[in-house]
A.B. asks: 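First the structure, which I've put down as structure tokens, then a few questions once you've had a look.
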Amino acid sequence: MRSATGGRVPAPHPDAVLSRVSCAPPGDRHPVTVMSERITDIFTDLGYQVAEGPEVEAEWFVFDALNMDENHFARDRDHTFYVADPSDTERGCGLVLRGHTSPVQIRRMLTSEPPIRMICAGRVFRPDPLDATHSPVFTQAEGLVVDRGLTMADLASTLDHFAASVFGEGVVTRLRPHWFAYTEPSAEIDVACAVCRGTPDRACRTCGGLGWVEWGGCGMVHPRVLATCGIDPAEYGGFAFGVGVERTLMLRHGLDDIRALGETPLPFDPAGPPRFQRVRRMAGRVLTSAGYVETTAFPFVGTTSWDALGLAADDPRRRSLTLVNPLDPGEPELRTTLLPGLLDVLRRDAERGRTRLGLFEQGTVFTSPVLTGQAPQVPTGHRPEEGDLRALRALVPAQPYHLAAVLAGEPRWAELVDVARAVASATSATGGAVRLTTREGGPPPWLPGRCVALLVGATVLGHAGQLSPATVDALGLPPGTSAMEFDLSALERLTKPSNPREKEKL
């Protein structure tokens with residue numbers, strides 16, 4: 001078996017259940033996913049730990065803890081998506097879709113003792129209409145180091161190593177003074193143009209002949225941020241940096257339109273992931289081995305989506321988070337399933353004549369918490385009381401990570417069941433052995449008699465089968481379209497190693 005980049009990889013499933021899968025053309029992973037993994041690999045080689053955090057997050061973690069006061073521009077509804085209070089959809093409830101991954105840094109500093117070295121790559125959200133250089137959903141990679149005796153020189157050398165690892169040997173960075181609320185001093189990061197290699201060239205579309213392009217932001221962690229996280233700024237310092245993953249790809253490949261990343265095959269070869277990412281990477285490799293192509297979809301949905309899937313009024317998947325300030329008034333909710341966005345991508349591809357295409361997506365879905373009043377008011381400048389932190393964390397809803405795949409053309413939904421079995425079998429290699437079984441039946445949008453539940457033991461992870469004709473017609477899909485979706489977070493929990501020594505290895 002070959003990886004998406006053409007290299008040999010070990011067969012992830014001993015029983016070759018994919019031998020019956022005949023999806024074409026050959027699959028591939030999404031370039032943003034692979035670049036995110038490449039970035040985290042660069043820093044895990046330096047001893048950083050990979051971290052992640054909620055995409056729907058409490059405002060305190062996103063703003064207050066980062067020294068962003070109530071007048072900071074990022075709090076405007078033009079810059080941040082606010083989750084609505086169910087009792088008053090014009091008012092926020094203390095939750096937002098994170099506009100940066102910096103709250104992951106706050107969570108890590110609150111729960112870890114220095115020295116700290118962490119890297120995070122994840123999706124962020126801003127109310128920007130999609131155009132050549134903006135997207136309402138994009139990916140950031142951020143690093144944080146907290147230790148004694150750190151200086152801007154340590155930050156600069158780290159960024160030079162980062163640039164050379166991504167763009168090629170000899171590519172360096174420069175820092176321009178700037179202002180960020182959460183760092184002091186702060187700087188914007190420029191990188192020598194990877195297309196013209198830093199040699200001024202009037203014909204270079206990427207740098208415009210300047211030889212340098214803006215890459216991201218960085219600085220020394222503000223003492224107030226350290227103090228808010230319970231770290232003594234008189235004893236410890238820190239530096240942080242952040243770049244856009246899509247922007248990194250655009251700079252690396254000389255692209256001038258972010259929308260091209262949805263279709264452009266870019267050559268990367270990820271390797272050496274930490275344990276918590278291995279399940280997701282293995283799942284992606286299984287799907288691409290079977291010929292499926294990875295895509296990403298925006299997480300915004302509306303009543304039309306639920307109606308098209310045939311969900312009853314009391315279906316729990318309709319209990320979703322609603323945004324105060326959605327981009328599209330017809331799609332004010334956050335997805336509780338990956339299917340609406342994934343099927344919409346499939347429909348558009350089918351309209352282009354690709355009627356035998358298999359697609360898959362991995363990503364977060366959002367549950368609706370039980371909200372009992374407004375978010376707690378937590379001060380900054382010192383570590384919060386444990387009760388306040390518990391209240392903030394309790395406010396944030398569960399956000400499981402799902403895997404879904406869709407297959408257009410003649411009904412061959414059994415192939416999707418085989419793919420799900422292969423993912424579970426491959427995942428066993430990262431921890432305890434599990435066996436995926438099936439049971440007849442499933443909820444809408446699947447067709448009764450042509451769908452199964454996917455189980456590990458007594459735990460129902462998800463479903464696979466042919467979609468109902470009503471859903472196919474409502475969404476304008478090719479006849480016989482099939483779909484599979486299950487909870488990858490639950491599968492990951494079920495495959496965690498029980499042997500402490502094995503945990504250390506992973």
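Heavy-atom basis, side chains included; hydrogens, waters and symmetry copies ignored.
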A.B. asks: Distance under 6.0 Å and angle within 45° of the ring axis: does Arg280 meet both against Tyr401?
C.D. replies: yes
A.B. asks: Is Arg318 salt-bridged to Glu333, cutoff N-O under 4.0 Å?
C.D. replies: no
A.B. asks: Can you tell if the side chain of Val324 reaches within under 4.5 Å of the side chain of Thr89, non-hydrogen atoms only?
C.D. replies: no
A.B. asks: Checking side chain to side chain contact (heavy atoms under 4.5 Å, CB included) for the pair Leu338/Val365: CA distance, chi angles, key distance, verdict?
C.D. replies: CA-CA 7 Å; Leu338 299 179; Val365 300; 3.9 Å; yes
A.B. asks: Using only atom types and a distance under 3.5 Å, with no angle test, would you say the side chain of Asp388 pairs donor to acceptor with the backbone of Val378?
C.D. replies: no
A.B. asks: Measure up the Phe162 and Trp215 rings against each other and bin them: parallel (under 30°), tilted (30 to 60°), perpendicular (over 60°).
C.D. replies: tilted
A.B. asks: Does any non-hydrogen side-chain atom of Val396 lie less than 4.5 Å from one of Leu95?
C.D. replies: yes
A.B. asks: Working note: Met109 + Val146, criterion side chain to side chain contact (heavy atoms under 4.5 Å, CB included); need CA distance, chi angles, decisive distance, verdict.
C.D. replies: CA-CA 9 Å; Met109 286 190 284; Val146 179; 4.0 Å; yes
A.B. asks: Could you tell me if the side chain of Ser320 sits less than 4.5 Å from the side chain of Phe366, heavy atoms only?
C.D. replies: no
A.B. asks: Are Phe300 and Leu334 packed together at the side-chain level, in the sense that at least one heavy-atom pair is separated by less than 4.5 angstrom?
C.D. replies: yes
A.B. asks: Does Gln49, at its CD atom, have more than 12 non-hydrogen atoms belonging to other residues, nucleotides or ligands within less than 6.0 Å?
C.D. replies: no
A.B. asks: Between Asp69 and Arg75, does at least one N-O distance fall below 4.0 Å, as a salt bridge requires?
C.D. replies: no
A.B. asks: Donor-acceptor check, side chain of Glu294 to backbone of His30, threshold 3.5 angstrom: yes or no?
C.D. replies: yes
A.B. asks: Would you please name every residue forming a side chain to side chain contact (heavy atoms under 4.5 Å, CB included) with Met118, sequence neighbours left out?
C.D. replies: Ala51, Val104, Gln105, Arg108, Ile116, Cys120, Leu144
A.B. asks: Any side-chain heavy atom of Ile106 sitting closer than 4.5 Å to one from Val225?
C.D. replies: yes
A.B. asks: Any side-chain heavy atom of Pro444 sitting closer than 4.5 Å to one from Leu309?
C.D. replies: no
A.B. asks: Return yes if some donor-acceptor pair links the side-chain N/O of Asp147 with the main-chain N/O of Gly237 below 3.5 Å, else return no.
C.D. replies: no
A.B. asks: Minimum heavy-atom separation for Pro326 and Leu323, please, with both atom names.
C.D. replies: CD-O, 3.5 Å
A.B. asks: When you look at Thr295 and Leu342, which way does the side chain to side chain contact (heavy atoms under 4.5 Å, CB included) test go after all the steps?
C.D. replies: CA-CA 8 Å; Thr295 188; Leu342 188 56; 3.5 Å; yes
A.B. asks: Does the side chain of Phe61 come within less than 4.5 Å of Leu110's, by heavy atoms?
C.D. replies: yes
A.B. asks: Please evaluate residues Leu327 and Phe81 with respect to the criterion side chain to side chain contact (heavy atoms under 4.5 Å, CB included), reporting the C-alpha separation (whole Å), side-chain torsions for both, the decisive distance (0.1 Å), and the verdict.
C.D. replies: CA-CA 9 Å; Leu327 274 180; Phe81 286 111; 3.8 Å; yes
A.B. asks: Any idea which heavy atoms bring Ala181 and Asn67 closest together, and the distance?
C.D. replies: O-ND2, 3.0 Å
A.B. asks: Between Arg285 and Glu37, is the closest basic N to carboxylate O distance under 4.0 Å?
C.D. replies: no
A.B. asks: Hey, are Asp344 and Arg347 close enough for a salt bridge, meaning a charged N less than 4.0 Å from a carboxylate O?
C.D. replies: yes
A.B. asks: Are Glu57 and Arg98 within salt-bridge range, i.e. N to O under 4.0 Å?
C.D. replies: no
A.B. asks: Are the aromatic rings of Phe63 and Phe73 close, with centres under 6.0 Å apart?
C.D. replies: no
A.B. asks: Considering only NZ, NE, NH1 and NH2 on the basic side and carboxylate oxygens on the acidic side, decide whether Arg148 and Glu235 come within less than 4.0 Å.
C.D. replies: yes
A.B. asks: Taking C-beta and beyond as the side chain, do Arg176 and Glu214 meet within less than 4.5 Å on heavy atoms?
C.D. replies: yes
A.B. asks: Between Arg317 and Asp315, is there a salt bridge with N-O shorter than 4.0 Å?
C.D. replies: yes
